[in-house]
Each structure stands twice: as C-alpha cells, then as structure tokens.
Amino acid sequence: MKSRLIIFIIASLSFVSIHAKEVKSGSNAEKQIYAERVKSAFKKAWHAYKEYAWGMDAVNPISKTGHNWYSQPLLMTPVDAYSTMCIMNLQKEKNEAKELIFERLNFDKDMEIQQFEIAIRIMGGLLSAYQLDGDPRFLELAEDLGKRMMPVFESPTGMPYRLVNLHTGEVKGEITNPCEVGSMLLEYGMLSKLTNNPEYYEKCKRGVKAVFERRSLKTNLVGTNINVETGEWTNKDAHISGCIDAYYEYLLKGWLLFGDKELKEMWDVCKKGIADYLADESETGFWYGHADMDSGERTSTVFGALDCFYGAVLCLDNDIATARKLQTSINKMWTMHGLEPEMIDYTHIDILAPYYMARPEAIEANYYLWHFTNDKQYYEMGKTMFESIERNCQVDNGYVQIKDVRTMDKWDTLESFFFAETMKYCYLYFAPKKAFNLDKCILNTEAHPFFRTWK
Ligand code: DMJ
C-alpha cells in the first residue's frame, strides 16, 4: 500500500514537472500551473497563521509563535486575508477565517490604535469582504469600527488625529502626515455609500482638502509632517514615499471610484508637482527623489520599496509611458539581488536599507502594466517576482520577511499585507478573468477590491 502511494506521488510530481516544462510561456496551461502554485503558497502561509497565531494579529513562522499590534488582537491577518481568499476561491480557508472573525472580532476595546492602518487593513478588509461575500455582519463590523474612529476628525483644521482609543474615543497624535490624513477616503467613502450616511466621507474629505490647501503654491507639493491643530508643516520634505504615498493614490482612486470631480482637480494639480520636482532622469534610470516642498530643490536621491506604488497610479491615470520607464528602474532594483531592498540611493543604486518586508508595491505596479499593456515582459517579470518570493521568503512552516536581500537572512515575521496584497497581486497575473477583473473595481491601498455596487 505504502509503495503504491510512493509510486503515485513520484508519477504525479514528474507529470507536473514535465507538464511545467512543456507548457508555452504565457499560455493558459502555464497560467493555470502558476495560479495553483500561488494558491498553494497562500495556503501554506495561512496554515502557519492557523497553527501558531490563531486569533492573533500576525504570525512568526520560524519561532512558531504569533504577535499582536496592541494589547488585544484585532485579527489583522484573517481580515486582511479574506478578500484574497474570495478571489482565489478558497472555500475552506474562507470558512475558517469567517468563523474566527464573527466569533472573536470586537472593537469595544480600551486601547489606542493607529487610525490609518486600521482603516486600510481592517475597515477596508471588512467592507471588501461584505461586497465579495454578501454577509451583512461584515458591514456591521465595519460600521462599528468606523463610528469608533470618527472622533479623530474633531480637530481645529479637520485633519484627523493619528490615534484613537476604540472604547473611550480619546484622540492623540497631533503631528501626522498626508497619508494618515487622506488614505482612508476610499474606506470612509465606501462606508458612507453602503450605509447611506454621508458623514463618514464628508468628514474625511475635509481633512484631505485641508492638506491640499496647505500645499506649496509654487511647487504644488506637500510635506512629510503636519500639525492637525495648527495646520503648520513640521517637516517639509516632499516625496512619494511612506507618509505621503497613498494620499496621492487616493486622490486619483477617489475620483475613479466615486466620480468626485474635486478629487480629480486636486490630483491633476498634485501630479504636476510630482512630475516637475520629484521625477528624476538619472544615469541609473528614471526615479522619483525628494525635494524641499517650498523651493522644489532636490534634497535626496532616495527611492524606496514603498515608492513603487506610483507605477500603478500612473497606469490608472493613463500615463503608461511614464509607468513603463519607472518599472524598468523598479525591476532593476528587484533583480539586482533577487528581491528588492527597502531603500536605495539611486545615484549609484546603493542600498540604504537592505531588508525586504514582503511588500507588494513593485509586484503591484508591474501587474498594472501587464493588465493595461498586455506586454509580455511584465508577465515574465511577474513570474520572476513570484519565484523569488518562493525561493527566498519560504521556510518550512510558511513565509517570512528578509533581513538583508544580499544574504537572504530570514526575519521571523510576516505582515498581514502579504496575505492581502503580495499574494493577491502574484495571483492576478495568472488568474482567469472570471475570478477577477481589475476594470470592474478599484483596489484600496491594501489591495481590497471596492465595487460600485451601491448604485
Ligand atoms: C500596506 O499596508 C499598504 O500598501 C500601504 O499603503 C503601504 N504599506 C503596506 C505595504 O507595503
């Protein structure tokens, strides 16, 4: 019996490998094989969460433990993973996550949370789950969370405080950044649409406008940090990286999702500032650097893994030529060591921060180019990106982040966005159109699809 089983396994493995070698690159057969491989990777990562971190926020696969962001868990991984499970049609995993969410997720917790992260991952995850799955309990949870976070908007300028206690509503954190002011406009907007209560969107949009009104009128750029009580900038470094990134992303996506013309006008002004002062044709390629928001003078030539998101935004804005140029640089950054480092100085492509947090942005931008151009080089790069994650981030018990892309030393942790974004984008290169069609929705900054189905 045992030997028959072994023969069967060997026969199946050789069938898969012969099959994999024989299939034509880009063919449906190849896509099917890759789609199954990405699903298996996702399932392996989920299994690690189930085994070692059940009910917690995130998993540490090597030490076989889990961890929470705050004093009590908010089920970051299952909520973030759910939309990917729906798109991959993973019924068993969906049931497991759903049961856990409805049994344990409760926001009445006396603890202070970071409004932006919770909005994009948890509120975004729940709203998207509601649209994909139809279970009204997802929307109830999202609304409860949204209501508890609303006190953040009660500042003199309308820009939200960074932190809020989910039980008391006490707010803190008057120094914030454009990203944490504006990058929940899609989530609050969806909540408004789905609950027929415009207040969520209106309050959030007030903050978005407050940042825009404080841009430099010379460069049209915004800075890194701003005080929500005084409206003064406390750090005038302008860039497209963390702290600003999704502010820009949501101006365009807000227009595309809600048809709000004011957002489109703001986006058109901002994109010009970015093109005029941050875009940089250097000897090593086309990048976006940093500049002083008032003078527009270049202050640094740092480009990071987070900055890669901009390629996807350019695609949505129909600027494919610029997206292509940027992706050539990004793909160079990715292949240099087999995974992208967190941060480089692009003058000589020197590594400034060597870790890889299993982030999605480079894979995301490359996927948008594949979707919008059908140019096979982006499909091939999608395969390369997935293979490098398989090779370098995979451990016996799941997937982890990397401490240094030069040595591929493992980092015993896995962010929930690996489930929400990294795996989802990898899958989308190969997924059948009926599983997912990018033209039918807008992905929030955590890759949770939002549909205009409120109409
Ligand atoms: C995610 O939480 C979101 O994509 C966010 O916009 C930026 N950081 C991570 C992924 O890198």
Side-chain angles (χ1 to χ4, degrees), residues 45 57-58 69 74-84 113-128 160 162 176-188 190 204 208 224 239-254 257 288 303-316 330 333-334 339-344 353 355-368 385 389 393 399-402 405 411 413-426 428 438 442-450:
D57 284 335
W69 281 33
L74 289 173
L75 303 186
M76 204 82 70
T77 293
V79 175
D80 235 358
Y82 198 76
S83 66
T84 307
I113 54 102
Q114 190 185 353
Q115 189 269 159
F116 156 72
E117 290 289 358
I118 300 308
I120 62 166
R121 298 188 197 214
I122 301 204
M123 200 156 94
L126 291 169
L127 290 165
S128 186
R162 288 186 68 235
T176 189
N177 53 70
C179 181
E180 295 195 48
V181 171
S183 310
M184 47 285 184
L185 188 62
L186 297 194
E187 291 74 16
Y188 285 94
M190 288 302 292
C204 189
V208 172
T224 301
H239 48 84
I240 57 163
S241 198
C243 288
I244 302 182
D245 47 7
Y247 173 76
Y248 291 134
E249 177 182 347
Y250 273 26
L251 292 179
L252 177 65
K253 287 187 173 175
L257 183 60
Y288 289 88
F303 184 88
L306 285 169
D307 306 35
C308 300
F309 84 100
Y310 201 60
V313 171
L314 288 165
C315 285
L316 283 176
I330 292 173
M333 179 170 160
W334 185 284
L339 278 178
E340 60 176 356
E342 177 73 3
M343 221 173 270
I344 58 163
Y355 54 90
Y356 173 60
M357 288 180 69
R359 287 196 193 280
E361 287 79 0
I363 309 171
E364 168 188 2
N366 191 70
Y367 162 70
Y368 273 74
M385 287 167 157
I389 289 175
C393 301
Y399 288 79
V400 291
Q401 299 172 189
I402 299 292
V405 296
W411 182 1
T413 191
L414 190 65
E415 279 274 354
S416 65
F417 55 67
F418 179 80
F419 296 86
E421 300 189 72
T422 312
M423 284 289 101
K424 187 182 283 129
Y425 287 121
C426 282
L428 294 185
L438 184 62
I442 291 293
L443 294 172
N444 87 336
T445 193
E446 194 76 1
H448 296 305
F450 290 156

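In listed order, ligands and their atoms are each counted from 1. Fair warning: this is a prediction, and the values are worked out from it, not measured in the lab.
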I'd like to know if the side chain of Tyr310 and the backbone of Val313 have a donor-acceptor N/O pair within less than 3.5 Å. no
Min side-chain heavy-atom separation Met190-Leu257 under 4.5 Å: yes
Give the residue, atom name and distance (to 0.1 Å) of the protein heavy atom nearest atom 6 (O) of ligand 1. Thr445 OG1, 2.7 Å
Determine whether the side chains of Asp245 and His239 contain a donor N or O and an acceptor N or O closer than 3.5 Å. no
Check the orientation of Tyr368 and Tyr425. Use parallel for under 30°, tilted for 30 to 60°, and perpendicular for over 60°. tilted
Can we say Arg359 and Glu340 salt-bridge, meaning some charged N sits less than 4.0 Å from an Asp/Glu carboxylate O? no
Could you tell me whether some N/O pair between Glu117 and ligand 1 is separated by less than 3.5 angstrom? no
For Leu306, the ligand 1 atoms whose distance to one of its heavy atoms is below 4.0 Å: 7 (C), 8 (N), 11 (O)
The answer for which part of Asp245 has a heavy atom under 4.0 Å from ligand 1 is neither
heavy-atom search around atom 9 (C) of ligand 1 in the protein gives Phe417 CD2, 3.6 Å
Counting heavy atoms under 4.0 Å, the part of Pro360 that contacts ligand 1 is side chain
Which option wins on minimum heavy-atom distance to atom 10 (C) of ligand 1: Glu249, Glu361, Glu415? Glu361
Checking heavy atoms under 4.0 Å, the part of Met357 that sits near ligand 1 is neither
For the side chain of Thr84 and the backbone of Phe419, is there at least one donor-acceptor N/O pair under 3.5 Å apart? yes
Which of the ligand 1 atoms, numbered from 1, are nearer than 4.0 Å to a heavy atom of Glu446: 1 (C), 2 (O), 3 (C)
For the pair Thr422 (side chain) and Ala358 (backbone), establish whether a donor and an acceptor sit closer than 3.5 Å, ignoring hydrogens and angles. yes
